[in-house]
Amino acid sequence: MSILITPQTKILVQGITGAFGAKHAQLSLDYGTQLVAGVTPGKGGQFFEHGAHKVPIFNSVHEAAAATGATVSVIFVPPPFAGDAILECVDAGLDLAVCITEGIPIKDMIRVKRAITGAKTRLIGPNCPGLVTPGTGENSNGGCRIGIAPGYIHKKGHVGVVSRSGTLTYEAVFQITSKGLGQSTSVGIGGDPVNGTNHLDVIKLFNADPDTKGIILIGEIGGNAEVEAARWIKAHCTKPVAGFIAGATAPAGRRMGHAGAIVGGHEDTAAAKIAVFQECGIEVAATPSDMADALLRAAAKKGVSLA
Amino acid sequence: MNIHEYQAKALFEKFGVPVPKGAPAKSAAEFDAALASLPEGPTMVKSQIHAGGRGKGTFTDGYKGGVKFCKTKAEALEIAGKMINNTLVTIQTGPAGRKVQTVYFTVASDIKKEYYLAVLLDRASSRPVIVASTEGGVEIEKVAHDTPEKITKIIIDPAYGVADFQLRQVITALELTGNEAKNAAKLIKNLYTMFWETDAAMVEVNPLITTPSGDVLALDAKVSFDSNALYRHPEIVALRDLNEEDPKEIEASKFDLAYIALDGNIACLVNGAGLAMSTMDIIKHFGGNPANFLDVGGGASKDKVVAAFKIILGDANVKGIFVNIFGGIMDCNVIAEGVVEAVKEVGLKLPLVVRLEGNNVAKGKQTLSNSGLALVSGDTMADAAQKIVKLVA
């Protein structure tokens, strides 16, 4: 199994006719993902063509979901319209909305988050690389790739990866694959201060997934989501967990690329979060090059095989 | 994006948050006109820079205090002359300090008591929060650490705004009654409206004061805005003061590069914010010092890499460069060609370590080795970091 998505999951793309959305829709189709619909208001009835694929485009998420059975949307629409795109997924009753868009005003996300509280739809992102559940084909083809992550670095396996950063997720995934192991699902939750799904939500899913045998938790400065996840891990998680926190050298009060990566006080520094990780029994990776090795150390301590 | 105190107070007045009467002056020639708009009597002279700790700061010519109380307007005129175009060093400016290009005169208010008031984002609840304390005029982090019971946090429902009962909670926590309570409630509600309507990231009033006559005033004002929302606030973009920003950071923003100058000597060029942060960290981990944060983004073109190279080389402290790329979707060869072109264009004499991994990496490495450039290749991030630290040491 995996979490949130499987190779059978049917997805639609909001913003499929924009350059960025189109490029990544093509890559997902090449990966073998069940990408069944596109949504661009005003372009309903047209088709998104790529090789042998001919994906129908609809004017709304409702129509696309009803006609194709898609249960997940990936959002590539520009920041001023992205909040609205998320709400449309919730209104259409999708299972999951994955928002890739970077640069959405915080106020828009505060309102969206308030509006979707209690709704059936889970939001991942915004400002995130998306999710991958690897397939069994060559270079993990045949899996479900939602978003902008490189599919080919994955391998079907049993390590769950959750991170706020795209490139650090890829580093971790690549290291795991290079060691001959693989991933159940890799999840990028995004670098914004207000997001739909946090570290803890994903950790709970990994802990409950029988196919996930070990977890890599990647965080950064700002907020207390990693600390919250670590405390829960100490109390409830039965699986080996390795952790890494980026931003030890970041100056206080400066936003380090991600809107949410900013040291606001004494408790959201890298040092403070690493101290909590250690206290909670999470094996800390000293550098990003050490992430897969740290998980292997954690697994060895628990006598768990990750293969 | 940050703005000056005098700009923040103009916004406060627009939203009905009372402030002491004041007037800014951008040169000595404007002092007389500014002071003429204020009544005779005790006057404050305040240096306008985007950094805290102004009152306890020292100017580079030895003059002490970036914020001064003056008994008369004549004295204020003299003191302002010492501040304008002088460079103020505070705990937040770094040793280089900031040049004072605007001086703000205000009526010196009679203070009965000082409080703390702020509106910002509460990340845990993803909602705005009002933070208030009876301990004003001091560092709020210290209050939070020493006497957390003296800080009140009220989470606001964004769909409804500040409810009246919540205003009463804040007023009660601040131990205000009568006219003071009534005036403070109005001020708090208006401050929240300003936070919400302007897409502010944070609005901080420290201190908020009561006066013997029952007035409640914002004596200081610190406001920052969500840069993602600036596109819908041209009136706020107009308040940006480029003099307060690092010229290298301004140049980087023109190319859509996320760059932050630091004080080390190893420049970094990285794709992705998380990887860029941890590239700085790994340099430090192996005993070096990063000169900057630089994220070229997911879709970096050759031109962007060339621009990035020029910016990091504009920092005179830089003694070596570390290029760290994990090309997931991005083609490593595009980065490699950009690096080669940039190095040729700028005539690089400093040590350069490049670590490439990911998409089309073999071609990228070939491009680098065929270029004939004296660069060092790193296999992993750790290997490359150790190499650049050694080369610069």
Side-chain angles (χ1 to χ4, degrees), chain A residues 20 23-24 27 79-80 103-111 113-115 129 148-150 152-153 163-171 174 191 193-195 218 220-225 228 244 246-251 253-261 265-266 270 286-290, chain B residues 92 120-121 123-128 141 144-145 157-159 196 199-201 226-232 258 260 262-264 270-286 289-290 293-295 297-299 325-330 357-359 380-383 385:
Chain A
F20 194 45
K23 178 183 169 184
H24 287 284
L27 289 167
I104 303 177
I106 293 171
K107 182 161 90 175
D108 294 8
M109 281 312 303
I110 290 175
R111 295 163 80 165
K113 180 111 182 179
R114 169 71 172 81
I148 59 174
Y152 70 92
I153 61 170
S163 169
R164 280 206 254 166
S165 148
T167 34
L168 283 178
T169 310
Y170 313 157
E171 287 279 351
F174 187 72
V194 176
N195 60 12
I218 305 167
E220 58 195 36
I221 52 169
N224 74 336
E228 195 192 13
F244 177 75
T249 48
R254 297 298 307 266
R255 280 177 204 283
M256 308 305 285
H258 286 156
H266 301 303
T287 72
S289 297
D290 185 41
Chain B
Q92 288 184 8
L120 65 159
L121 168 70
R123 289 177 62 157
S125 64
S126 296
R127 292 180 178 200
E141 283 246 310
H145 183 264
D157 184 336
W196 189 248
D199 277 286
D226 173 14
S227 8
N228 288 350
L230 289 175
Y231 73 88
R232 55 192 179 203
I260 292 171
L262 301 170
D263 50 14
V270 190
N271 66 327
L275 194 61
M277 264 189 274
S278 41
T279 301
M280 293 158 39
D281 298 347
I282 203 169
I283 289 171
K284 188 91 176 176
H285 180 82
F286 288 114
N289 263 313
F293 168 92
L294 174 58
D295 172 12
I325 301 292
F326 193 103
I329 301 302
M330 179 197 261
E357 191 56 81
N359 187 17
T380 64
M381 203 168 152
D383 174 52

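The structure presented is a predicted model; accordingly, all values stated were derived computationally and were not measured. The figures that follow rest on heavy atoms only: side chains count, while hydrogens, waters and symmetry mates do not. Chain letters run A, B, ... following the sequence lines, proteins first, then strands; residues in each count from 1.
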A:Phe20 versus chain B, the contacting section by heavy-atom distance below 4.5 Å:
neither
Identify the heavy atoms of B:Gly274 and A:Glu220 that sit nearest to each other, and give their distance.
CA-OE1, 4.4 Å
Cut-off 4.5 Å, heavy atoms of chain A, and the answer for B:Asn359 is both
Please name the pair of heavy atoms, one in A:Glu171 and one in B:Leu275, separated by the smallest distance, quoted to 0.1 Å.
OE2-CD1, 3.6 Å
A:Asn224 side chain near B:Arg123 side chain, heavy-atom distance below 4.5 Å:
no
Could you tell me how the ring of A:Tyr170 sits relative to the ring of B:Phe326: parallel (under 30°), tilted (30 to 60°) or perpendicular (over 60°)?
tilted
Go through A:Gly257, A:Ser165, A:Gly247 and name the one with the most non-hydrogen pairs under 4.5 angstrom from chain B.
A:Gly247
Given A:Arg111, A:His24, A:Arg254, the one with more heavy-atom pairs under 4.5 angstrom with chain B than any other is A:Arg254
Are A:Asp108 and B:Arg232 within salt-bridge range, i.e. N to O under 4.0 Å?
yes
How long is the gap from CD1 on A:Ile104 to CG on B:Asn228, to the nearest 0.5 Å?
8.5 Å
Among A:Pro251, A:Gly260, A:Ala270, which has the most heavy-atom pairs under 4.5 Å with chain B?
A:Gly260
For the residue pair A:Thr167 and B:Gly272, what are the closest heavy atoms and their distance?
OG1-CA, 3.4 Å
Between B:Asp383, B:Asp226, B:Leu120, which has the largest tally of heavy atom pairs under 4.5 Å with chain A?
B:Asp226
Under the salt bridge (Lys or Arg N to Asp or Glu O under 4.0 Å) rule, what do B:Asp157 and A:Arg114 come out as? Steps first, then yes or no, please.
CA-CA 8 Å; B:Asp157 184 336; A:Arg114 169 71 172 81; 2.7 Å; yes
Minimum heavy-atom separation for A:Pro288 and B:Ile282, please, with both atom names.
CD-CD1, 4.1 Å
Quick one: does A:Ser289's side chain have a donor or acceptor within less than 3.5 Å of a partner on B:Ala382's backbone?
yes
Side chain, backbone, both or neither: which part of B:Ala276 has a non-hydrogen atom closer than 4.5 Å to chain A?
neither
Please lay out, stage by stage, how A:Leu168 and B:Ser278 fare under the test side-chain contact (heavy atoms from CB on, under 4.5 Å).
CA-CA 9 Å; A:Leu168 283 178; B:Ser278 41; 3.4 Å; yes
B:Met381/A:Thr287 under side-chain contact (heavy atoms from CB on, under 4.5 Å): CA gap, chis, key distance, verdict:
CA-CA 9 Å; B:Met381 203 168 152; A:Thr287 72; over 6 Å; no
So, the part of B:Glu357 with a heavy atom under 4.5 Å from chain A: the answer is side chain
Contact part of B:Asp281 toward chain A, heavy-atom cut-off under 4.5 Å: side chain, backbone, both or neither?
both
Show, in sequence, the C-alpha distance, side-chain angles and deciding distance for A:Met256 and B:Ile260, and conclude whether the side-chain contact (heavy atoms from CB on, under 4.5 Å) test is met.
CA-CA 8 Å; A:Met256 308 305 285; B:Ile260 292 171; 3.7 Å; yes
As an exercise: rank A:Thr249, A:Ile110, A:Val194 by heavy-atom pairs under 4.5 Å with chain B and give me the winner.
A:Thr249
Just do the side-chain contact (heavy atoms from CB on, under 4.5 Å) check on B:Arg127 and A:Lys113 with the steps written out, would you?
CA-CA 9 Å; B:Arg127 292 180 178 200; A:Lys113 180 111 182 179; over 6 Å; no
Tell me, side chain or backbone of B:Leu262 under 4.5 Å from chain A's heavy atoms, or both, or neither?
side chain
Shortest non-hydrogen pair, B:Met277 vs A:Ala261, comes out as CE-CB, 3.7 Å
